Every structure is written in C-alpha cells, then in structure tokens.
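The structure under discussion appears below in the form of structure tokens.
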Amino acid sequence: MKTQVAIVGGGPSGLLLAQLLHTRGIESVVLERKTKDYVLGRIRAGVLERGLVALLEEAGCADRLHAEGIVHDGTLMSYGDEMFRIDFTEHTGTPVVVYGQTEVTRDLYEAREAAGAQTLFNVEDVVIHGADTDAPHVTFAIDGETHRIDCDFVAGCDGFHGVSRQTIPLEVRREYEKVYPFGWLGILSRTPPVNHELIYANSPRGFALCSMRNENLSRYYIQCSLSDKPEDWTDDAFWQELKRRIPADQANALVTGPSIEKSIAPLRSFVTEPMRWGRLFLCGDAAHIVPPTGAKGLNTAASDVHYLYNGLRDWYENGSAEGVDLYSELALARVWKAERFSWWFSSLMHRYPDQSEFDLKMQVAEIEFLRTNAAAQKAMAENYVGLPY
Ligand code: APR
Ligand code: PHB
C-alpha cells in the first residue's frame, strides 16, 4: 500500500487530522488497534474550545455539534457552601460548547465513511520504520497477515500507550511528568443536569464536578483515593458523597438515578519533547496528558492537529517545509500553556493528602481572589475557552 500520510491511531486526533487532510485532497490511511465500537465506547470529557469547533467546521463535521451541542457562557465554582460564576463570554467574547468527545469521534467516523476514506481496524504490531529518512514506512498485521504502507509522513496519534512515542530514540526524547495523589470517580446517568452550567466544587471532602451531555444525561465526578475501585462505590454511596461536596441548594436540587457507566481515572500531567522526529509527528495523548480539570485533553490534541495540518498543507500545496519544521516548537508552546492551566486548576480545586494548614489557607486565598478579582477571572476565562492557536 502507498499513501501520503500514515496515521497511527483512530481516536479523535487521528480522525480529525485525516478528515482535514481529506478536505485538501491529501490522502491518508488510519490504522486503529481496536474496533470502532470499542473506540466509541470510551467516555471522555465534553467541553469544546472555539478552536476545536472551528476545526470541526473546516472538516465538515460540525452539523450535529451545532444542532445538539450546548453553548455555555460561563461556569460555576463552589467552595463549601459558597458559589460564584465566571462569565466566559463577558471576559473573552467567546463561550464553550458542551458536546461529548464520543460524539465528536462518532461524527468524524461518519464523515470518513461517507468520504470512502480508509480506516483499518484490529491492526496489530504496528512498527514505524525509517522515520528519520525521507521514505518512511509502517508495517502491521491484520488477522496474522503482515502488511506494509509506504508514505511521506507518519502521524503518531495513538494515545499515551501507543508505539509512536516509543519510536523516538531515548537519547532524543525528554519526558516530563507529574502524577497526582488521587483519582476521579465518574458516573454517567440518565438524569437532568443539576444546573444548566458546570459546577467545579472544592469542598473539605475533596473535589467534585457536575457536568452534562444533554438535558437528560449527566456526568458527575468526585475526587477519590487511588486505591478505590469503581465496584467499591455503589450508586447510592456516590450520590451521597457528591451531595456532601456541592452547595446545599444544589444538593437538594440534584436528581439521582442509576449509573449507566462508572469508572475511575488517575490524574497525570505529562509532556514529551520534541513532538517531531524526522518524518514522524506526535499528536494528542501520544505526546502529552493533562489532568481532566478544565477538559483540556481533547482541545490540546486539536491544537496539535491544527499545526500539523497547516504544516502538511504548506508541504503539499506550497512545496514548503517551513510548517513541518516548526511543528514541534509551535505545538509545544501551546501544550505547555494548557499543561499549566490544567495543573493550576487541579491544584486549586482538589484536597491533597499531605496538604498543610498553610497550603489550605493559600488555596482559599486564591479562590477568594478569583471570586473577587475581574482580572483573575479574565485570565481563567481566557484559558478555559482556549488560548489562540
Ligand atoms: N496501533 C494502532 N492504534 C493504536 C495503537 C497502536 N499501537 N495504540 C493505541 N492505538 C489507538 C487507540 O486504540 C486509540 O483509539 O490510538 C487511539 C488513540 O486515541 P486517544 O487515546 O483517544 O488519543 P487522541 O486521539 O490523541 O485523543 C486525545 O482523547 O484520551 C483523550 O484526554 C484525551 O481527550 C483527549 C483525547
Ligand atoms: C466532562 O463533562 O466529562 C468534563 C467536563 C469538564 C471537565 C472535565 C470533564 O473539566
């Protein structure tokens, strides 16, 4: 087989890149280790920055998002029984859109199928060869049979556990990591959201988040111990704990019901540098992870895709290597800002096991500053709606 861009990984990064390239007549093949149903079964965050919305529009995949996505002009923050609001539209002129990552992925798969573009599922043993030459190729197996794709470029969009990052030699690669001493227990339930906007709560019992997918589908999270297992938490125990972490009036208004999904995610900040090695480009979770506070994972993947897409357009449409040569530098500059925001927001809202009385006072002072200071709210809002590409 031969293609222009071999894309390893059929998550949102790989699919968005493939679809954008398709609109410019640049050919790609997507190689996905799992099945489509498996990829669509993963529940992830659901807040889209304006930049991602614009990319989905450019890819021709934004119709359902515009019809079903919920525009949010602000968010609520609480600590103890106090609650205040940060108005994104007032501070930045831009709202965010609440629309599940699973739905974004579904829309991208549909567009890909409608375009007759090639996605290979159940692909095993992907190996990237000659990434540091002008003629890379990728080998892989399907049903035990080995295949080879020759290409101009390889996009490593295969997530945190993929092979692409490992292909970059250790002497070239530098990794930065912070692991947080807690996790998020999340549930999805067919109940109306407790509030029409998200609530980020810092309580003495730990963090909680009230989010949503639509008017009858809610997503809630509570900070939990890393040793907890989802099966340790009955639905009832989850709801009780959530109610104790949000203001009383919200707890009284909360409609509970059976969970239809329950899972625990650890929190991690991670960045690998550089994001390019020869003709291999890392995109999304393959290159960086953020803790979910602030929902920057998918959005940061999207900014990588933006820089890579433009670099590849430069190459194919203008015969210029400038965009691909600048990819790692441009992508990382924005990645680190999203890392900083996610780390700051996580540090602000969680209770840490080793937090001293002084640390707690600092947290309260910072939340108070955010509550009362317009400049602090503007800075928060600018980051939340997404820094410019
Ligand atoms: N070969 C082929 N495919 C692979 C391989 C491999 N060796 N390893 C992993 N994959 C696939 C996974 O099965 C997955 O479908 O790559 C895909 C990577 O998708 P994601 O993990 O969703 O990563 P990405 O597309 O970068 O999306 C970033 O997703 O994880 C969230 O928080 C993250 O929201 C962010 C977004
Ligand atoms: C979600 O809806 O899953 C979500 C929303 C906002 C976040 C994190 C997760 O900050």
Side-chain angles (χ1 to χ4, degrees), residues 40-48 64-89 95-104 106 182-225 228-265 292-295 298 345 349-351 367 371 384:
L40 292 177
R42 291 192 288 232
I43 313 264
R44 300 268 171 80
V47 179
L48 314 190
R64 202 158 66 91
L65 155 69
H66 285 310
E68 296 174 20
I70 316 168
V71 173
H72 280 210
D73 289 306
T75 192
L76 297 161
M77 311 255 306
S78 77
Y79 61 117
D81 252 351
E82 300 287 326
M83 191 152 81
F84 62 98
R85 180 167 184 271
I86 297 183
D87 193 313
F88 305 141
T89 309
V96 292
V97 180
V98 171
Y99 188 70
Q101 177 173 323
T102 310
E103 303 312 313
V104 171
R106 191 188 308 280
F182 38 73
W184 276 20
L185 169 65
I187 70 164
L188 194 64
S189 68
R190 285 196 214 288
T191 50
V194 65
N195 197 293
H196 70 282
E197 290 183 337
L198 271 58
I199 304 174
Y200 289 92
N202 174 325
S203 90
R205 302 181 64 90
F207 171 77
L209 169 60
C210 305
S211 182
M212 66 195 72
R213 292 294 175 269
N214 60 45
E215 68 279 359
N216 199 38
L217 193 57
S218 295
R219 182 76 170 151
Y220 294 103
Y221 299 95
I222 53 175
Q223 173 184 348
C224 67
S225 159
D228 285 4
K229 303 268 167 295
E231 52 278 15
D232 300 339
W233 283 87
T234 61
D235 288 355
D236 203 41
F238 180 92
W239 293 120
Q240 287 307 326
E241 188 58 36
L242 175 64
K243 284 183 180 179
R244 294 163 90 166
R245 297 187 188 192
I246 58 179
D249 56 336
Q250 302 296 318
N252 290 336
L254 182 74
V255 179
T256 64
S259 64
I260 52 177
E261 195 263 359
K262 193 186 282 160
S263 53
I264 292 183
T293 331
L298 174 63
F345 202 19
M349 300 308 288
H350 290 79
R351 294 297 166 118
I367 295 176
R371 184 176 75 81
Y384 198 97

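Note that this is a predicted model, so its numbers are computed, not measured. Side chains are part of it too, since the values below use all heavy atoms of this structure and drop only hydrogens, waters and symmetry mates.
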Item to check | Gap between atom CD1 of I264 and atom CG of D228 - 0.5 Å precision | outcome: 5.0 Å
Next on the checklist: Does any part of the side chain of V194, heavy atoms only, come nearer than 4.5 Å to the side chain of M212, both counted from C-beta?
Outcome noted: no
Item to check | Verdict with reasoning, N214 to E68, per side chain to side chain contact (heavy atoms under 4.5 Å, CB included) | outcome: CA-CA 8 Å; N214 60 45; E68 296 174 20; over 6 Å; no
Checklist outcome for this item: Here the gap from F238 atom CZ to I222 atom CD1, rounded to the nearest 0.5 Å, amounts to 5.0 Å
Item to check | Of all pairs that satisfy ring pair (Phe, Tyr, Trp, His ring centres under 6.0 Å), the ones with a partner from residues 201-222, not counting sequence neighbours | outcome: W184-F207, W184-Y221, F207-H350, Y220-W239
Next on the checklist: Taking salt bridge (Lys or Arg N to Asp or Glu O under 4.0 Å) as the definition, give me every residue that meets it alongside R106, ordered by chain and number, with sequence neighbours left out.
Outcome noted: E103
Checklist entry - Where is the tightest heavy-atom contact between A248 and D81, given as atom of each residue plus distance? => result N-OD1, 2.9 Å
Checklist entry - Just by modelled atom types, is the L198 backbone N or O under 3.5 Å from a matching donor or acceptor in the T75 side chain? => result yes
Item to check | Side-chain heavy-atom pair L298, L48 within 4.5 angstrom cut-off | outcome: yes
Item to check | Rounded distance [0.5 Å steps], CG in L76 versus OH in Y200 | outcome: 11.0 Å
Checklist entry - Is there any salt bridge (Lys or Arg N to Asp or Glu O under 4.0 Å) pair reaching into residues 237-260, and which pairs are they, with sequence neighbours excluded? => result R205-E241, E241-R245
Item to check | Residues S263, I43; criterion side chain to side chain contact (heavy atoms under 4.5 Å, CB included); working and verdict | outcome: CA-CA 9 Å; S263 53; I43 313 264; over 6 Å; no
Checklist entry - side chain to side chain contact (heavy atoms under 4.5 Å, CB included) between T293 and L209: does it pass, once the steps are laid out? => result CA-CA 9 Å; T293 331; L209 169 60; over 6 Å; no
Checklist entry - Which residues pass the salt bridge (Lys or Arg N to Asp or Glu O under 4.0 Å) test with E197, sequence neighbours left out? => result R85
Checklist entry - How far apart are the C-alpha atoms of N195 and Q250, what are their side-chain angles, what is the distance that settles it, and do they pass the side chain to side chain donor-acceptor pair (under 3.5 Å) test? => result CA-CA 8 Å; N195 197 293; Q250 302 296 318; 3.3 Å; yes
Item to check | Least distance between heavy atoms, S78 atom then A201 atom | outcome: OG-CB, 3.2 Å
Checklist outcome for this item: Of all heavy-atom pairs linking L242 and A208, the shortest is CD1-CB, 3.8 Å
Checklist entry - According to the interplanar angle, ranging from 0 to 90°, do the rings of F88 and Y384 count as parallel (below 30°), tilted (30 to 60°) or perpendicular (above 60°)? => result parallel
Item to check | Contact summary for G257 and D235, nearest pair of heavy atoms | outcome: O-OD2, 4.4 Å
Item to check | From CA spacing to verdict: side chain to side chain contact (heavy atoms under 4.5 Å, CB included), V104, L65 | outcome: CA-CA 8 Å; V104 171; L65 155 69; 5.9 Å; no
Checklist entry - Would a 4.5 Å heavy-atom cut-off, applied to side chains only, mark T191 and T256 as touching? => result no
Item to check | N/O donor-acceptor pair under 3.5 Å between K262 side chain and W233 backbone | outcome: yes
Item to check | Closest non-hydrogen atom pair between R371 and Y79, with its separation | outcome: NE-OH, 3.7 Å
Checklist entry - Of all residues at least two apart in sequence or in a different chain, which pass the salt bridge (Lys or Arg N to Asp or Glu O under 4.0 Å) check with D73? => result none
Item to check | Close side-chain approach of Y99 to R64, heavy-atom, < 4.5 Å | outcome: yes
Checklist entry - Should the heavy atoms of other residues, nucleotides or ligands under 6.0 Å from CZ of R42 be counted, would the total exceed 12? => result yes
Item to check | Residue pairs passing the salt bridge (Lys or Arg N to Asp or Glu O under 4.0 Å) test where at least one lies in residues 213-224, sequence neighbours excluded | outcome: R219-E261
Next on the checklist: Would you compute the distance between atom OG of S211 and atom CD1 of I199 and round it to the nearest 0.5 angstrom?
Outcome noted: 10.5 Å
Item to check | CE on M77 to CZ on F84, rounded to 0.5 Å | outcome: 4.0 Å
Item to check | Closest contact, heavy atoms only, A295 versus A45 | outcome: CB-CB, 4.0 Å
Item to check | CE on M349 to OG on S203, rounded to 0.5 Å | outcome: 9.5 Å
